[in-house]
Novice: 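There's a structure below that I have some questions on.
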Amino acid sequence: MEFKCNKNIFKDKTKRISIEKIELFSEFVVFHYSLNKDFDFQTRIYYPTNVISNLISIYKEDELTFLFSNMAFFETFKFMMIFPDELDITKVENFIHPESIKFFEENVQNLYSQHVYENKRFDWKGPKIIFNNLKDNSPLSIKYDEIKVNKNDRPLLVSNGGGKDSFLMMKLLIDGNINFSIFTHARSEYGRYDIQFKYQDKLQKFVTDKYVKNECHNHKIIVHDDFTDGVFATFNYKDLKGECIDGKTCQVGLFPEMIINSLPFVLLHGYSYFVLGNERSANANQVNNVKELETVNHQYLKCFKGENSLNNLLKYLIKDFGVFSILRPVYDLRIYQNISKYPEILPYVHSCNVHKPWCSDCPKCAYVYCHFCSIYDYELVLAQFKENLFDKENLEVYWKQLLGLSDQNAFECVGEINECRIAMNQCLKKGLKGKAIEIFKENGLDKINYEEIQKKYINPIFEEILIPEDILNKIKEYY
C-alpha cells in the first residue's frame with residue numbers, strides 16, 4: 001500500500017488538470033480527468049435509450065469524437081474551483097475547436113468571478129491550456145434528411161428548470177404558437193436525480209396538460225460527477241473559501257455545460273436554438289466597484305455579454321445552431337407581474353437549489369417568497385413555504401443583502417436590489433408582518449418613491465437581445 005501525505009502532494013505544486021480519455025457506451029458517455037496524475041475523476045452523462053446508438057448510426061466516428069471531445073473540455077469548468085495552473089488537453093487536442101479555447105480563456109475568470117472574489121484570488125486569470133497543435137475543425141452539420149426534419153421548420157429546445165421563469169418561457173412560446181421541445185437535466189451536485197426530475201416534470205406536465213395541444217418531447221439527461229460535491233476541495237485545499245467549497249452548486253454544472261450537453265439532441269432532432277430564461281436583471285453584479293475584476297456575477301453566462309459569447313461559440317460546434325434568452329427583454333419584477341395572473345402555478349414551481357422544492361433557509365427562497373407574497377394571496381404562498389420567512393432569524397443576513405443594506409447583493413440568481421425593495425414595499429402595503437419588514441421600515445426604505453423607480457422595470461426593452469426577429473414578432477405582444 002502506498003501512503004501519500006496531503007501536505008507533500010499539494011504544497012507549492014503546480015496544479016494540472018488533464019483530460020485523460022473519453023469512453024462511449026450505449027446509454028452514457030464517461031469523461032476521465034486527473035489532477036497531477038495523482039487523483040482521478042469521472043463525469044458520466046446518461047442519455048435516454050437509443051440516443052447514442054442513433055448518433056452512431058447517423059454521424060461518422062470523427063464527428064462524434066469532435067462532439068464529445070468538446071463536451072469533455074467544457075466539463076472541465078468545474079475544476080476551476082481549485083484555481084488550477086494548467087489544463088492539459090493534449091489527448092483530445094485534434095478535436096477541440098480553437099474557438100472553444102478562445103471562449104474558455106476569455107470567459108473563465110468572469111464565470112468564476114464570485115469564487116475569485118470570495119477567495120481574493122485576483123491574480124488568477126485561468127489555467128494555461130496545454131496542447132501541441134489544434135486543428136481548425138469544421139462545425140458539425142445536422143443531417144436533416146437522415147433525421148427526417150424539415151430544415152425550414154425546425155423546433156426550439158427549451159430549458160425547463162422547474163421555476164417560474166420556465167413557466168413563462170413555455171407560456172410565451174405557446175401563446176406565439178411556436179413549436180418547441182423541453183430539455184431537462186439533473187446533476188449530482190443538486191441531489192438525487194429522481195427528486196430533481198419530480199419537480200421539473202411537475203411543472204412540465206401542468207403546462208403541457210393545460211396549454212399544449214401538440215406532442216411536446218421532454219429530453220432528459222443525468223450528469224453524475226464525483227468532483228463537484230466539493231468534498232475533494234474541502235479536504236485537500238483547506239485555505240479555499242466560498243460557496244463552491246461549501247458543497248453548494250455556485251456556478252458549477254449549469255453553464256455552459258448544460259447547453260453543450262444537449263447537443264446530441266440537437267443533432268438528432270434538428271433544433272434551431274436552445275432557449276434560456278435569463279431575464280434583464282441577470283446583467284447586474286452582486287458586488288460593484290471591485291477594481292480587480294471586470295464583474296462579480298453569481299452566474300456570469302446569465303448576463304447578456306456571457307450569453308452573446310456562448311452564442312458566438314456554438315456556431316463553431318454545430319452549424320446553424322444558437323442560443324438566446326426569451327426573457328431578456330424583461331426584468332424580474334415584470335416577470336412576477338406577468339405570472340401574477342396565474343396563482344394556480346404555485347404548487348407546480350420551485351426555485352431552491354438546496355432542497356426541493358423550498359429549503360426556506362437560503363437567499364433564493366427569501367427572494368422568491370418576498371415576490372410571491374407581493375403578487376399572490378399570502379395564504380397561498382404560506383401553503384407552499386409552510387412558515388413566515390420574513391420572521392426567520394437565520395435569513396436576516398440575506399434580507400439585508402437583498403434590500404441593499406450590506407456591501408453586496410446575495411450570491412444567488414436574484415433580481416436587482418430595487419426590485420426586491422419594490423416587492424417588499426408592496427408586502428408592507430398589504431399589511432404583512434415580520435422581522436424583515438421591520439428592518440425595511442427601520443432603515444427608512446418605506447419612505448422611497450417607488451412609483452418613480454418602478455418605471456425602469458415594468459416595460460419590456462427590446463435592445464441587447466438575441467431573440468430572432470421572426471420569433472420575437474410572434475411573442476412581442478405577450479411580454
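As the structure is a prediction and not an experimental result, all values here were calculated from the model.
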Novice: Between F274 and F324, does the ring pair (Phe, Tyr, Trp, His ring centres under 6.0 Å) criterion hold? Intermediate values first, please.
Specialist: CA-CA 7 Å; F274 192 103; F324 70 84; 9.8 Å; no

Novice: Run H298 and F411 through ring pair (Phe, Tyr, Trp, His ring centres under 6.0 Å) and show every step you take.
Specialist: CA-CA 6 Å; H298 173 70; F411 280 137; 7.0 Å; no

Novice: Using a 3.5 Å distance criterion without hydrogens, assess whether the side chain of N278 forms a donor-acceptor pair with backbone atoms of R328.
Specialist: no

Novice: Determine, stepwise, if the pair V92 / F73 fulfils side-chain contact (heavy atoms from CB on, under 4.5 Å).
Specialist: CA-CA 9 Å; V92 294; F73 174 69; 5.9 Å; no

Novice: Measure the OG-CD distance between S141 and E63 for me, rounded to the nearest 0.5 Å.
Specialist: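 It is 8.0 Å, given to the nearest 0.5 Å.
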
Novice: Could you give the distance from OG1 (T184) to CD1 (I221), rounded to the nearest 0.5 Å?
Specialist: 9.5 Å

Novice: Under 3.5 Å, is there a donor-acceptor pair between the side chain of N36 and the main chain of T14?
Specialist: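 Judged by distance alone, yes, a pair lies under 3.5 Å.
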
Novice: Look at atom NZ of K319 and say whether more than 12 heavy atoms of other residues, nucleotides or ligands are closer to it than 6.0 Å.
Specialist: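 No.
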
Novice: Verify, without hydrogens or angle tests, whether N179 (side chain) and L156 (backbone) share a donor-acceptor contact under 3.5 angstrom.
Specialist: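 Looks like no, no N/O pair under 3.5 Å.
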
Novice: Looking at C352, is its backbone amide N or carbonyl O close enough to the side chain of K356 to form a donor-acceptor pair, meaning the two atoms are under 3.5 Å apart?
Specialist: yes

Novice: Out of Y271, F180, F197, which residue meets the ring-ring contact (aromatic ring centres under 6.0 Å, His included) rule with H219?
Specialist: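 For H219, the ring-ring contact (aromatic ring centres under 6.0 Å, His included) check succeeds only for Y271.
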
Novice: Test E106 against K125 for salt bridge (charged side-chain N to carboxylate O under 4.0 Å, His left out), laying out the working first.
Specialist: CA-CA 9 Å; E106 290 181 349; K125 310 296 182 184; over 6 Å; no

Novice: Between D332 and K164, is there a side-chain N and carboxylate O pair less than 4.0 Å apart?
Specialist: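 Answer for the salt bridge query: yes.
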
Novice: K78 and T43: side-chain donor and acceptor closer than 3.5 Å?
Specialist: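 Result is yes, a qualifying pair exists.
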
Novice: Would a distance-only check, ignoring hydrogens and angles, find a side-chain to backbone donor-acceptor pair under 3.5 Å from K21 to Y33?
Specialist: no

Novice: Could you check if a side-chain atom of Y47 sits within less than 4.5 angstrom of a side-chain atom of E27, using non-hydrogen atoms only?
Specialist: no

Novice: Please give me the minimum heavy-atom distance between F304 and I465, naming the atom from each residue.
Specialist: CE1-N, 3.7 Å

Novice: Let me confirm one number: the CD1-OG distance from I96 to S69, rounded to the nearest 0.5 Å.
Specialist: 5.0 Å

Novice: What are the two closest non-hydrogen atoms of S159 and M169, and how far apart are they?
Specialist: O-CE, 3.5 Å

Novice: Would you check if the side chain of T65 reaches a backbone N or O of E61 as a donor-acceptor pair within less than 3.5 Å?
Specialist: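 It does hold such a pair.
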
Novice: Students often mix this up, so state it plainly: with edges at 30° and 60°, are the rings of H350 and Y199 parallel, tilted or perpendicular?
Specialist: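 Ring orientation of H350 relative to Y199: tilted.
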
Novice: Is the number of heavy atoms from other residues, nucleotides or ligands within 6.0 Å of NE2 (H32) greater than 12?
Specialist: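 Yes, enclosed.
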
Novice: Backbone N or O of N152 within a donor-acceptor pair of the N150 side chain at under 3.5 Å?
Specialist: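 Pair found, side chain donor or acceptor close to backbone of N152.
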
Novice: Check whether any side-chain heavy atom of Q42 sits under 4.5 Å from a side-chain heavy atom of F31, and report yes or no.
Specialist: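 Not touching, per the 4.5 Å side-chain cut-off.
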
Novice: Is a side-chain donor-acceptor pair under 3.5 Å present for Q286 with N409?
Specialist: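 Short answer, no.
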
